[in-house]
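One structure below.
Atoms within a ligand are numbered from 1 in the order they appear, just like the ligands themselves.
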Amino acid sequence: MNPYNLFINGQDVAPASGNYFDVLNPSNEQLYAKVAQANSADVEQAINIAKSGYKTWSKAAPKVREAALLKAADLIEQQGMARLLDILIDESGSAISKARFEILYTVDLLRTAAGEARRLYGDTFPNDNPDRISMVLRHPLGVVAVVSPYNAPLALLTKMVAFPLAAGNSVVIKPSEETPVIALEFAKMLVEAGVPSEVIHVVTGFGLECGAPLVEHQDIDCIALTGSTQTGQHIGGVAMKRMVKAQLELGGKSAALVLPDVDPKKAAAIVAQGIFTHGGQICMANSRVIVHSDIYQDFIEALKAEAESLQVGDLRDDNTIYGPLINRNAVEKIQQHVDSAVAAGATILTGGSVKSGLIYQPTVLVDSPNTCSAWTEESFGPLTNVVKADSLEQAIDIANDSKFGLSASVLTKNMNWAMTAVRGIDAGSVHVGMHSFQSNALAPIGGSKLSGVGRSGGAYSTEEFTDVKWVSIEVNESL
Ligand code: NAD
């Protein structure tokens with residue numbers, strides 16, 4: 001098995017330490033790849049080259065940046081599909097349906113970002129002095145540190161890379177230590193598509209040894225992190241200390257409100273997709289469900305039936321909804337959430353233990369107290385909690401009883417109820433008639449409260465990865 005090196009300046013580069021770490025295939029917990037373990041010396045090298053690459057890339061014509069991103073999308077669509085599918089399945093434990101969706105979303109993101117290269121709009125505004133002209137110029141930031149998670153390791157990385165590149169920044173990527181191979185493959189495709197090799201680099205390794213020296217480096221001009229709230233709070237502090245922009249997309253505990261006018265079976269099917277897709281390893285997963293008491297009993301019976309009918313395990317089968325969690329720690333965390341909820345008075349409606357290997361059963365808890373970790377913390381696994389509410393107002397209050405504010409879902413046909421919930425729920429997005437896990441390359445995705453700072457997607461990403469400069473001009477001959 002050939003080890004994977006760092007990808008710096010278009011080259012495979014051995015790590016300064018000479019060390020390689022093991023990446024396991026979560027389906028069998030066997031070795032999937034040996035990957036270079038970067039430290040601050042490697043990070044320094046990548047940043048220095050990215051800094052000099054920025055000078056030319058930031059001045060490249062928009063059509064040049066646009067063409068490279070469009071070509072990357074074409075390469076993935078026409079040649080990369082099979083290879084990327086295999087990596088997502090074997091490295092990150094993605095079911096093939098999720099992996100396919102992720103790759104198509106990646107293509108969409110690249111094309112959307114390509115369009116943004118031509119939209120670095122500025123502005124003008126009136127001045128009371130008729131001899132003065134005021135304008136606002138938009139410009140890229142410099143070198144962006146991109147720190148990515150394991151759960152959708154291609155699409156979420158693309159989001160944090162394609163938009164900064166479109167705006168003329170250079171990037172140094174620190175992918176999750178669980179899923180470095182997909183990031184290496186992606187960066188190589190971008191260079192093949194025409195992104196200059198000085199402008200995109202991948203340093204693989206661990207958070208403290210590789211991620212920390214990257215985000216703390218004095219030549220980093222912006223930090224993009226998609227990851228846990230704990231990491232986000234730390235990196236946010238680092239960014240504020242250096243006064244650089246930080247886009248932080250963090251954890252969630254997204255609520256689904258199930259109101260009394262819906263068919264409980266149809267609502268249960270939507271909620272089951274919203275929580276069990278990719279085994280709940282989705283930041284916007286419907287991990288809390290608040291059901292109106294009028295249909296509560298029918299709903300929980302239907303959700304139990306849905307959960308028990310799901311196909312889990314064989315990642316290469318199109319009907320499989322999820323397979324293994326990423327690692328043993330993830331399994332232990334969800335088991336601890338279930339056990340402590342039960343100890344606090346919750347009831348297991350279905351599931352509640354490991355099925356086999358790292359595959360955890362689709363699990364539904366009812367009556368979880370709002371103090372137990374299954375309710376308050378992100379489980380990031382196939383676990384949801386269902387509670388009852390007697391009114392819409394009470395359901396909204398329960399939804400807002402969380403330190404997170406990423407996404408929410410409202411299942412109703414009544415538009416007055418829907419809009420009352422949309423206005424009342426404190427979250428970065430609210431989806432009506434759908435589950436809370438939605439994506440769109442143009443949408444402003446992000447959260448309130450501890451779910452993060454900033455928004456990503458389309459023009460919202462351009463805003464994050466650029467800055468503006470006020471320019472005023474005195475138009476007279478008096479100087
Ligand atoms: P994580 O926070 O453990 O790791 C994310 C990345 O940060 C990894 O690359 C890790 O190595 C790095 N890192 C850790 N400590 C660091 C440090 N001190 N300095 C620099 N880098 C450091 O997250 P994860 O477990 O990989 O991903 C799952 C989390 O991501 C969940 O909480 C999930 O909700 C969140 N997430 C959020 C969104 C969103 O859009 N809001 C999307 C996907 C995932």
Handout entry: Pair E178, S92: side-chain N/O donor-acceptor within cut-off below 3.5 Å
Key = no
Exercise for the section: Check whether the side chains of K159 and S456 place a donor and an acceptor atom closer than 3.5 Å, and report yes or no. Expected result: yes
Practice task
Consider only side-chain N and O atoms of D314 and T320, and report whether a donor and an acceptor are under 3.5 Å apart.
Solution key: no
When you check ligand 1 against the protein, what N or O pairs turn up below 3.5 Å? List the atom names and distances, or just say none.
from	atom 1	to	atom 2	distance (Å)
ligand 1	2 (O)	S228	N	2.8
ligand 1	2 (O)	S228	OG	2.6
ligand 1	2 (O)	T231	OG1	2.6
ligand 1	9 (O)	S148	O	2.9
ligand 1	9 (O)	K174	NZ	3.1
ligand 1	11 (O)	K174	NZ	2.7
ligand 1	11 (O)	E177	OE1	2.6
ligand 1	23 (O)	S228	N	3.4
ligand 1	30 (O)	G227	O	3.3
ligand 1	32 (O)	E378	OE1	2.5
ligand 1	34 (O)	E378	OE1	3.4
ligand 1	34 (O)	E378	OE2	2.5
ligand 1	40 (O)	E249	OE1	2.9
ligand 1	41 (N)	L250	N	3.2
ligand 1	41 (N)	L250	O	2.7

Only pairs under 3.5 Å count here: list side-chain donor-acceptor contacts from residues 161-169, not counting sequence neighbours, and write none if there are none.
from	atom 1	to	atom 2	distance (Å)
N169	OD1	L141	N	2.7
N169	OD1	G142	N	3.0
N169	ND2	P164	O	3.0
N169	ND2	F465	O	3.0

Problem - Side-chain donor-acceptor pair present, Q281, Y322, cut-off under 3.5 Å - result: no
Handout entry: Donor-acceptor pair between D318 and S97 side chains, under 3.5 angstrom
Key = no
